[in-house]
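As a basis for the values below, the full set of heavy atoms in this structure was taken, side chains included, without hydrogen atoms, waters or symmetry mates. We name chains A, B, ... by the order of the sequence lines, and we start the count at 1 in each one.
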2 protein chains.
Amino acid sequence: MREPLPADMFDELCPSSLNPIRFGDKWAALIIRCLEHGPRRFSELRVPLSRVTPKVLTQSLRSLERDGLVRRTVYAEATPHVEYELTPLGRSMLQPIVVACAWTEKHWDELLGARESYDQATRLDHAG
Amino acid sequence: MREPLPADMFDELCPSSLNPIRFGDKWAALIIRCLEHGPRRFSELRVPLSRVTPKVLTQSLRSLERDGLVRRTVYAEATPHVEYELTPLGRSMLQPIVVACAWTEKHWDELLGARESYDQATRLDHAG
DNA sequence: CTGTATCCCATCTGATACTG
DNA sequence: CAGTATCAGATGGGATACAG
């Protein structure tokens with residue numbers, strides 16, 4: 001039995017919307033990291049990605065499948081289900097993702113600080 | 001006198017629209033690489049980025065400036081001009097960018113092949 | 001030279017409800 | 001369980017023209 005994915009796997013502030021580094025669409029990198037340790041079912045992915053609607057999650061998975069990064073397998077058994085897993089190509093993408101995430105993590109404060117300063121200066125500009 | 005940037009610096013097929021790895025907006029990574037070897041003027045950047053309209057180029061530069069990745073300097077001399085250059089933070093981003101670009105370059109064919117196969121299979125699906 | 005102003009369209013993302 | 005359908009909003013990007 002594999003480990004369930006934790007619901008708090010991703011910080012609410014972490015999604016790619018604030019992260020300047022993006023791999024494909026908004027959730028692609030997070031999905032790939034969810035698949036790092038083996039195949040996952042759709043419902044499993046929904047746990048850590050609870051803020052993603054099923055429609056968007058499907059979209060994103062299809063896009064990853066299209067790029068050959070993820071393989072989708074349907075099991076038409078008594079309890080039918082679907083599993084997603086990384087292809088070798090998808091797995092190879094973990095390296096640049098990890099490097100990028102490490103950069104972001106390391107410079108997160110610097111980044112937020114810069115934005116704050118810039119926005120404040122801009123506001124003052126527009127006011128005065 | 002610094003080297004002018006070549007007009008064919010970027011392949012038409014290369015822009016981030018096809019590249020699944022993105023750093024910020026569509027042109028951010030390309031801009032950062034344009035600034036790798038020193039400051040550049042707006043008009044200089046327009047040469048290799050000829051497919052980017054001035055409005056969008058400005059937008060993207062502002063966004064990079066906001067994130068503290070690029071510094072903008074105005075020279076109000078007889079011939080006024082503006083120079084953009086990487087901050088240390090921006091320079092540090094070169095590493096993840098280079099890693100990501102290396103990945104994309106290495107797996108480009110694989111990626112395009114996967115898309116083609118997927119699209120073809122999808123078309124057949126919808127036809128038959 | 002270094003941008004801005006408008007207008008517009010495409011894409012992405014999301015909310016909500018529904019289905020084989 | 002694993003999605004799809006529909007509608008809507010936000011955002012990004014681009015064309016074109018103009019300005020300090």
Whole-Å distance separating the [atom1] atom of [X] from the [atom2] atom of [N]:
X: A:Leu57; N: C:dA15; atom1: CG; atom2: P; result: 14 Å
X: B:Phe42; N: C:dT2; atom1: CZ; atom2: P; result: 8 Å
X: B:Gln59; N: C:dT2; atom1: CD; atom2: C1'; result: 15 Å
X: A:Leu49; N: D:dA2; atom1: CG; atom2: P; result: 14 Å
X: B:Lys26; N: C:dA10; atom1: NZ; atom2: P; result: 14 Å
X: A:Glu44; N: D:dG3; atom1: CD; atom2: P; result: 13 Å
X: A:Arg46; N: D:dA2; atom1: CZ; atom2: P; result: 11 Å
X: B:Glu77; N: C:dT2; atom1: CD; atom2: P; result: 12 Å

Closest to side chain of [X], choosing from [options]:
X: A:Thr58; options: C:dT2, C:dT13, D:dT4; answer: D:dT4
X: B:Arg41; options: C:dC1, C:dC7, C:dT13; answer: C:dC1
X: B:Val56; options: C:dT13, D:dG3, D:dG13; answer: D:dG13
X: B:Thr53; options: C:dT4, D:dA15, D:dA2; answer: D:dA15
X: B:Asp25; options: D:dG13, C:dT2, C:dG14; answer: D:dG13
X: A:Trp27; options: C:dG14, C:dT2, D:dA2; answer: C:dG14
X: B:Pro54; options: C:dG3, C:dG14, C:dC7; answer: C:dG3

More than 12 heavy atoms of other groups within 6.0 Å of A:Glu105 CD: no
CD (A:Glu116) with more than 12 external heavy atoms under 6.0 Å: no
B:Lys55 vs A:Leu61, nearer the 5' end of DNA chain D by closest nucleotide: A:Leu61
Would you say [X] reaches [N]'s phosphate, i.e. side-chain N/O to OP1/OP2 under 4.0 Å?
X: B:Arg62; N: C:dT4; answer: yes
X: A:Tyr84; N: D:dG3; answer: yes
X: B:Arg22; N: D:dG13; answer: yes
X: A:Arg72; N: D:dG3; answer: yes

Sub-4.5 Å side-chain heavy-atom contact between A:Ser92 and B:Trp103: yes
Atom pair CD1 (B:Ile32) and OH (B:Tyr84), whose distance is rounded to the nearest 0.5 Å: 14.0 Å
Electrostatic pair B:Arg41:B:Glu83 at N-O distance under 4.0 angstrom: no
Sugar-phosphate, base or nothing in reach of B:Tyr75, heavy atoms under 4.0 Å: nothing
